[in-house]
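These values consider heavy atoms only, across backbone and side chains, with no hydrogens, waters or symmetry-generated copies.
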Amino acid sequence: MEYDFKAIENKWRQHWQEQETYKVSEDAEKKKYYVLDMFPYPSGAGLHVGHPLGYIASDVIARYKRQQGFNVLHPQGYDSFGLPAEQYAIQTGQHPAVTTERNIARYREQLDLLGFSYDWSREVRTSSPEYYRWTQWIFARLFEHGYDRAADKAAPIATLTAHFAEHGNAEVDWAVGEDTLNEALQVVWGDGFEGPFSAEQWNALDPQGQASVLMAYRLAYLADSEVNWCPALGTVLANDEVVGGLSERGGHPVVRKKMRQWMMRITAYADRLLQGLDSIDWSESIKEVQRNWIGKSTGAQLRFDIQHHEGRTIEVFSTRPDTLYGANFLVLAPEHELVQDITTAAQHDAVAAYQKETAGRSERERMAGDRGMTGCFTGAHALHPLSGAPMPIWIADYVLAGYGTGAVMAVPAGDQRDWEFARAFGLDIPPIFEGHNIEEGACTDKDAVLCNSGSWSGQRCSVVLPIAIQETEASGFAVPRVNYRLRDAVFSRQRYWGEPFPIFYDKGVPQLLEDEQVLLPEVDAYLPTEDGDPPLARAEQWNVSRGERMEFNTMPGWAGSSWYFLRYMDPHNDRGLCDRSKSDYWGQVDLYVGGAEHGTGHLLYSRFWTKFLSDLGTIGFDEPFAKMVNQGMILGRSSFVYRVEGSNTFVTFERRKEQRTQRLHVDIALVRNDILDTEAFKAWRPEFADAAFELNDQGEYRCGSEVEKMSKSKYNVENPDDLVERYGADTLRCYEMFLGPLEQAKPWDTQGISGVHGFLRKLTRLYMDSEGHNIVTDNLPSSDAERTLHKTIKKVTEDLDRLSWNTVVSALMIGVNELTEQSCHDRQVLQPFAAVLGPYAPHLAEEVWSYAGGIGSVVDAAWPKWDPEKLVESEVRYPVQFNGKVRFQLEVPAELGPKEVEAVVLADPRTSKQLDGREPRKIIVVPGRIINIVG
RNA sequence: GCGGGCGUGGUGAAAUUGGUAGACACGCCAGAUUUAGGAUCUGGUGCCGUAAGGUGUGUGGGUUCGAGUCCCUCCGCCCGCACCA
């Protein structure tokens, strides 16, 4: 029997399992290497060929590093809380734990077929209490900590209360929610109180009052905030879970709503999250996405007095205080709190109408394309801090309430939006740039030279900028300021299938509950209560088990996935999330493989939690993933048939335009080389049972095709199980790697798999005859065979080191082709060859390793080293160019130096023929590479 | 609009530091051998041309003895952000 992959793969799969081949433990003697796949959500649909792509790539590296002598941590587990299981539960009444369990079993079955070297004894599931106990623990620590900006790290709230008790909050420089704090201060000490407060005031507060002030400092805090409410899912969503005004999962509309929610003060870490990007080896595009999302801008916060409103001011953030002389009006967000106080009676109705108009506009409409500038004058004026000139105050929805102070100083000559606004409403555009025509638009060039700008005139903007910040601060109406686009993350979900909070309420004050673990209770339905409380409120007894009530929200999906890579290091620890000695040993993930779609979600949140845990000293590093590779999507190739409209007749591709036809997706299982199996098609679906066909000249029905996303509805899904059944796991592994560079999106083409399968079959022929008898000899290999071997080792090693997975397969193919041609069956060559095959085709590699007399498992076979000596050829073949065009090849002994080669080539009759009497002007000899004669 | 990435045969692609463009495969063509087979083997295959030869890495230019690779221009595609002050 030719290459009996089924027998081979079954045999070794079983062997690995019995021997616990992939079990690893800490070993101080060995250097560690940590290879991780992005946490999979076990969906019910199972895997298609696109899913294992990254898993195969990471497995290849895991095996390669292990053979190189590293102690390799390569775990796998499940991000098993989440919306789909719960949506299914709502529809069917089945407990999400049951469907999740079923999906995991199916997932595991498919993964096991592919020969991955996972240490399954380290499997984790976010939905198991042993795991989420530590997710809750991290939440509790975030609740108990704030961010000390002076120390630039997290610090216990207890140190803050101690400070308050002695000094009040005057000198406290902690990250704080200004709105939450002001609100709390006003509730406690009455309207208009703005702080700071003294130690006496603090000490006089009751516990509830203190708790509400402290809440503003916690890293995990409760606050009323505008959130993304998704009515269809019945929950709030984080900003990264909303795409274009619709929910990422399900595509349901999302509206803004004010709700009391748990929040995460990720903004405290904004700068470190930005800085950290420089220390990690990720793709530039993902880093850029994160930089955008964090959105750091530096400038100044300027204060404008309001005419006829003594003591009232408008704060404005600007990155360009150097253009201050060009500011001639202010624009507030329509929701800005000052609007109602300053609007004049004459403008009152117009302003109210505009506010109503913009409030009714959904987030989606606001984002939808060009609508032109809209806005409304308030009737009020601010005073220019330098000239004292009155500046009209407008409101407009191009100013966002949520960014900066919700107000801008408009510099129409220097900002395009301000320019457009001024144009739209007939406002002046005072020129402040030398030689710039303000009719054409705003000038945003930082090298422009200022004019009409007092002492700044005549200098470049980039020079004035720091001076402007300094001078405006010295004048007392501005402070230097850094602003971030990043918002704190909503951490509550009004859902059942997630981590319950370790929180109960006592007199309305949230309290940690840590003397026993809060477990997810059973409920009678996975729906909100009649009062609109989340599903957990349905759990009678549980819901009031402590204090007045328990926290009814659950944590979002990203909670469990933000730290899972740590748990793999110490998965069964019941005293801590991960023992420090183990995280010190395994350290950062050395290679993280997964999709690029988590740029602003998982990949940002896990960096945030890692930094926090590092601040606590729980772990000793503050970036989770040192290097990351994002695999591209594998696209499907769909097939189409063409039905004559209103009939049951199908026309072949070539003749589809002769009549009016409809293009229909047809199952790719019924199509081979674009030719439709018409009988199978008739049997496919009842309505096609009596289909008629108009064929092409060859008497075949040819289908059309197109590359698109793989999906069930397009009937173009290729599933790994079928391919493993037909070709074996080793073939599938090699083929997925062979398709092209990992990062690139590429179409799947099942036809191509035969080439890779043929390569593995050809490889077995080096080791065994068609009956499976061992034909490996102890003969001394030829120098050609040795050269082939060492060339292959070199290429495979170098390519794996630069993560060029696809070219390795080609190198192995070339090796097999050459060894076959050389009829090489020598152990000295074939044993190391089996070793380098190991990462790609582990089952077959084990088999041929044993044929070649290898000892033990190929998994632990030392990675062979290539010997430069064996690569040397006695003759070198030079392409000879004349004026850059190759004319002939020249064989010379390898030991010749450039001068000698030059002599040989000049003596060659072909050279004189090419020169045709001309004198060579220049001769370039690149040793071992090329000869170029100019003349 | 801004930022990031990318354009190479019929297809997936290779060419790592500027040195024979198209390796390795798929597909296709021809042949062999068998044959119900989606089997196997050999040869060919960028394009134009019978050939010699010419030409060729999105377009146009530049640097260089030599450019897919470096620089400039334009065109096209993909991804991200998008009133972020």
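Under 3.5 Å, the side chains of A:K922 and A:N932 contain no donor-acceptor pair of N or O atoms. Side chain to side chain, A:S804 and A:D799 fail the donor-acceptor criterion of an N or O pair below 3.5 Å.
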(message) Taking Watson-Crick (N1-N3 plus N6-O4 or O6-N4) and G-U wobble (N1-O2, O6-N3), each under 3.5 Å, can you produce the dot-bracket string of RNA chain B? Use [ ] for crossing pairs and | for inter-strand ones.
(response) (((((((..(((......[....)))((((((.......))))))(((....)))..(.(((..]....))).))))))))....
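At the phosphate of B:C84, OP1 or OP2 sits under 4.0 Å from a side-chain N or O atom of A:R417. For the OP1/OP2 pair of B:C84 and a distance below 4.0 Å, the side-chain nitrogens and oxygens of A:R487 include no atom meeting the criterion. A close approach under 4.0 Å does occur between a side-chain nitrogen or oxygen of A:N806 and OP1 or OP2 of B:A14. Taking side-chain N and O atoms only, A:Q744 has a distance below 4.0 Å to OP1 or OP2 of B:A13.
Side-chain contact between A:E798 and A:W866 is present, with heavy atoms from C-beta onward closer than 4.5 Å. Side chains of A:S639 and A:N716 form no contact here, defined as non-hydrogen atoms less than 4.5 Å apart.
Only the C1' atoms considered, B:C47 is 7 Å distant from B:G56, to the nearest whole Å. For the C1' atoms, the distance from B:G19 to B:G68 is 13 Å, rounded to whole Å. As rounded to the nearest Å, B:G62 and B:U73 have P atoms that lie 15 Å from one another. Comparing B:G61 with B:G22, their C1' atoms sit 26 Å apart, to the nearest whole Å. Of the C1' atoms belonging to B:C81 and B:G12, the separation is 32 Å, rounded to the nearest Å. As rounded to the nearest Å, B:U69 and B:U64 have C1' atoms that lie 13 Å from one another. Comparing B:U20 with B:U40, their C1' atoms are spaced 34 Å from each other, to the whole Å.
Note: CZ (A:R910) to C1' (B:A52) measures 17 Å, nearest angstrom. Going from atom CD of A:E798 over to atom P of B:A14 covers 17 Å, rounded to whole Å. Taking atom CG of A:D415 as the reference point, atom P of B:A85 lies 9 Å away to the nearest angstrom. In this entry the distance linking CD of A:E284 with C1' of B:G4 reads 8 Å, nearest Å. One atom, CH2 of A:W293, and another, C1' of B:G3, lie 16 Å apart when rounded to the nearest Å. Note: CD (A:E821) to P (B:C41) measures 14 Å, nearest angstrom. One atom, CG of A:D799, and another, P of B:A13, lie 17 Å apart when rounded to the nearest Å. For A:K287 and B:G4, the NZ to P distance is 14 Å, given to the nearest whole Å.
At least one cation-pi condition fails for A:R637 and A:W748: the charged atom is not both under 6.0 angstrom from the six-membered ring centre and inside a 45 degree cone around its axis.
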Give every donor-acceptor pair under 3.5 Å between a side-chain atom in residues 753-760 of chain A and any protein atom, sequence neighbours left out.
unit_1, atom_1, unit_2, atom_2, d
A:S754, OG, A:Q751, O, 3.2
A:H757, ND1, A:Y727, O, 3.3
A:H757, ND1, A:T731, OG1, 2.9

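Residue whose closest nucleotide on RNA chain B sits further toward the 5' end, between A:P741 and A:F317: A:P741.
A donor-acceptor pair is defined here as one N or O able to donate and one able to accept, closer than 3.5 Å; such a pair exists between the side chain of A:Y354 and the backbone of A:D397.
For A:D278, the side-chain contact (heavy atoms from CB on, under 4.5 Å) criterion is met by A:R291, not counting sequence neighbours.
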Contact list (N/O, under 3.5 angstrom) for nucleotides 69-72 of chain B vs protein:
none

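Nearest heavy-atom pair across A:F433 and A:A448 is CD2-CB, 3.8 Å.
Residue contacts for A:R761: at a heavy-atom cut-off of 4.0 Å it reaches the sugar-phosphate backbone alone, with no base atom in range.
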(message) Across nucleotides 18-27 of chain B, 5' to 3', mark each nucleotide with B, S or - according to how protein heavy atoms within less than 4.0 Å reach it.
(response) -BB--BBSSS
(message) Using the rule given for side-chain contact (heavy atoms from CB on, under 4.5 Å), can you reason through A:L603 versus A:M38, listing the C-alpha separation, both sets of side-chain angles and the distance that settles it, and then say yes or no?
(response) CA-CA 10 Å; A:L603 290 171; A:M38 271 187 203; 4.1 Å; yes
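Annotated as syn: B:G9, whose O4'-C1'-N torsion sits within 90° of 0.
A:Y735 and A:F738 have tilted rings, their planes meeting at an angle from 30° to 60° on a 0 to 90° scale.
Counting distance only, with no hydrogens placed and no angle test, the side-chain atoms of A:K795 and the base atoms of B:U16 include a donor-acceptor pair under 3.5 Å.
The residues A:E902 and A:K899 are annotated as salt-bridged, a charged nitrogen and a carboxylate oxygen being separated by less than 4.0 angstrom.
The side chain to side chain donor-acceptor pair (under 3.5 Å) pairs that include a residue from residues 401-412 of chain A are A:S297-A:Y403, where partners are two or more places apart or lie in different chains.
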